[in-house]
2 protein chains.
Amino acid sequence: MRQKVLDAAARLFRDKGYAGTTMRAVAARCGIRAASLYHHFPSKDDILAEVFDYGVRRVAAAVRAAVDCLPPSASAHDKVRAAVHAHLESFFVYGDYTASNIRVFGQAPRPVQRKNRGLRDRYEAYWHLLLEEARQRGELRRGVDLSIARLFLFGGMNHTLEWYTASGVSFRELAERYTDLIFHGIGRSDGATA
Amino acid sequence: MRQKVLDAAARLFRDKGYAGTTMRAVAARCGIRAASLYHHFPSKDDILAEVFDYGVRRVAAAVRAAVDCLPPSASAHDKVRAAVHAHLESFFVYGDYTASNIRVFGQAPRPVQRKNRGLRDRYEAYWHLLLEEARQRGELRRGVDLSIARLFLFGGMNHTLEWYTASGVSFRELAERYTDLIFHGIGRSDGATA
DNA sequence: GTCTATATGCCGATAGAC
DNA sequence: GTCTATCGGCATATAGAC
């Protein structure tokens with residue numbers, strides 16, 4: 001039931017925001033009464049905090065696993081592609097949690113933000129490491145600001161949640177295209193426009 | 001006073017979300033009582049709809065103006081750079097409106113979403129045109145999906161609102177780096193990783 | 001154009017039965 | 001572990017004085 005509550009809350013937070021998600025609505029989705037929620041969680045904010053943490057933990061675990069199971073011969077480019085794919089795919093499996101975090105974090109009460117910030121930062125630091133590895137292996141252009149590139153990549157990936165429908169392109173294909181974009185861009189590489 | 005109400009509402013919608021923004025709070029920011037708001041707007045949803053429309057209209061106008069005042073000799077790359085810069089800079093001037101749209105649109109009531117969708121779509125179509133022009137001028141690689149590239153670029157640009165602080169890099173420099181990223185990526189162009 | 005007062009209803013959370 | 005009943009507070013919106 002605990003997980004059922006979190007699932008219901010994640011979905012509602014995603015769609016209705018923080019204040020728009022009521023304990024009564026969460027309970028209704030679980031087939032119980034609002035008062036019964038307090039047997040599982042101390043407060044609405046505790047539910048939100050757990051939704052945030054659960055989402056980041058799962059995405060981070062999926063991405064790390066995807067990168068770790070690559071062969072030692074994998075290039076940094078291969079690792080980034082695998083990470084992008086795992087990140088996108090987790091939108092499908094933990095989408096309500098991920099989308100809740102992305103869409104609701106900014107309007108969550110400060111204490112809830114603080115509690116989740118550590119996990120968020122660690123996950124972003126992992127991505128920074130991936131890109132830093134690419135640089136050290138000589139796979140990147142000189143003069144590229146990796147912090148900005150990482151933030152740009154994150155924005156591009158996470159924005160997928162706002163437009164993606166399963167009827168279109170697959171996550172694997174999308175991961176391929178995003179990785180291609182972040183590594184090579186849309187321009188011709190013959191310097192015609194540079 | 002009408003504009004004052006919109007400014008206050010935009011700021012609150014941005015920080016507190018749709019349901020978390022109360023007419024009392026909007027009124028308090030304007031130094032009046034909640035009931036007085038109904039002299040200027042019929043309802044909370046009408047305020048939100050106007051915040052959405054105002055933001056999109058202003059950003060779109062700024063971007064078009066920036067592109068239009070380029071010399072005829074400007075490449076599509078130049079136009080995209082100017083558009084990215086104007087889009088980012090409008091975050092500074094109309095940031096509460098833009099951020100409200102980006103963060104709150106998904107949790108707004110359907111009728112409000114519908115009312116704003118036309119403007120949103122037209123603005124995105126304009127960007128699509130910019131990229132399409134780059135392709136027709138032969139400035140792009142073959143095989144690039146411009147719809148995906150545009151969505152990726154939008155995500156990257158709009159994500160700036162979540163991390164940007166005026167103390168760091170300037171919007172002009174950021175526009176230069178984003179444009180460089182979307183055209184050339186982070187990878188070496190000698191094909192070492194492709 | 002702003003005010004006070006209020007109608008009507010939902011909010012998060014608690015008490016205590018079963 | 002779920003329930004009913006309820007507390008105190010705040011929500012949007014309206015009525016009508018000034």
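Throughout, a chain's letter reflects where its sequence line sits, starting with A, and its residues are numbered from 1.
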Residues in side-chain hydrogen bond (donor to acceptor under 3.5 Å, both in side chains) with Gln136(B), at least two apart?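 If we apply the side-chain hydrogen bond (donor to acceptor under 3.5 Å, both in side chains) test to Gln136(B), skipping adjacent residues, there are no hits.
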What residue pairs, at least two apart or across chains, pass salt bridge (charged side-chain N to carboxylate O under 4.0 Å, His left out) with a residue in residues 140-154 of chain A? Glu124(A)-Arg150(A), Arg141(A)-Asp180(B)
Are Lys79(A) and Glu139(A) within salt-bridge range, i.e. N to O under 4.0 Å?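 No salt bridge links Lys79(A) with Glu139(A).
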Should Glu176(B) and Arg172(B) count as an ion pair when the cut-off is N to O under 4.0 Å?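 No, Glu176(B) and Arg172(B) are not salt-bridged.
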If the condition is salt bridge (charged side-chain N to carboxylate O under 4.0 Å, His left out), which residues does Asp96(B) pass it with, not counting sequence neighbours?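 Listed in chain order: Arg14(B).
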Salt bridge (charged side-chain N to carboxylate O under 4.0 Å, His left out) involving Arg11(B) - partner list, sequence neighbours excluded: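 Testing Arg11(B) for salt bridge (charged side-chain N to carboxylate O under 4.0 Å, His left out), a comparison that skips the adjacent residues, returns Asp15(B).
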Hydrophobic clusters here meaning ILVMFWY residues chained together by side-chain heavy-atom distances under 4.5 Å, can you tell me if Trp127(A) and Leu70(A) are in one? no
ILVMFWY cluster, Val93(B) and Tyr54(B) together (side-chain gap under 4.5 Å): yes
Nucleotide nearest Arg24(A) when distance is taken to its side chain, options dC11(C), dG1(C), dT14(D):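 Comparing dC11(C), dG1(C), dT14(D) against the side chain of Arg24(A), the answer is dC11(C).
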Using a cut-off of under 3.5 Å, enumerate the N/O to N/O pairs linking the protein to nucleotides 3-5 of chain C.
| from | atom 1 | to | atom 2 | distance (Å) |
| --- | --- | --- | --- | --- |
| dC3(C) | OP2 | Arg33(B) | N | 2.5 |
| dC3(C) | OP2 | Ser36(B) | OG | 2.9 |
| dT4(C) | OP2 | Arg33(B) | NE | 3.1 |

Interface with DNA chain D, restricted to residues 40-48 of chain B and to heavy atoms under 4.0 Å: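 Hits under 4.0 Å, by residue number: Ser43(B), Lys44(B).
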Pick the closest DNA chain C nucleotide for His39(B) and for Tyr18(A) by heavy atoms, then say which residue is nearer the 5' end.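 So the residue in question is His39(B).
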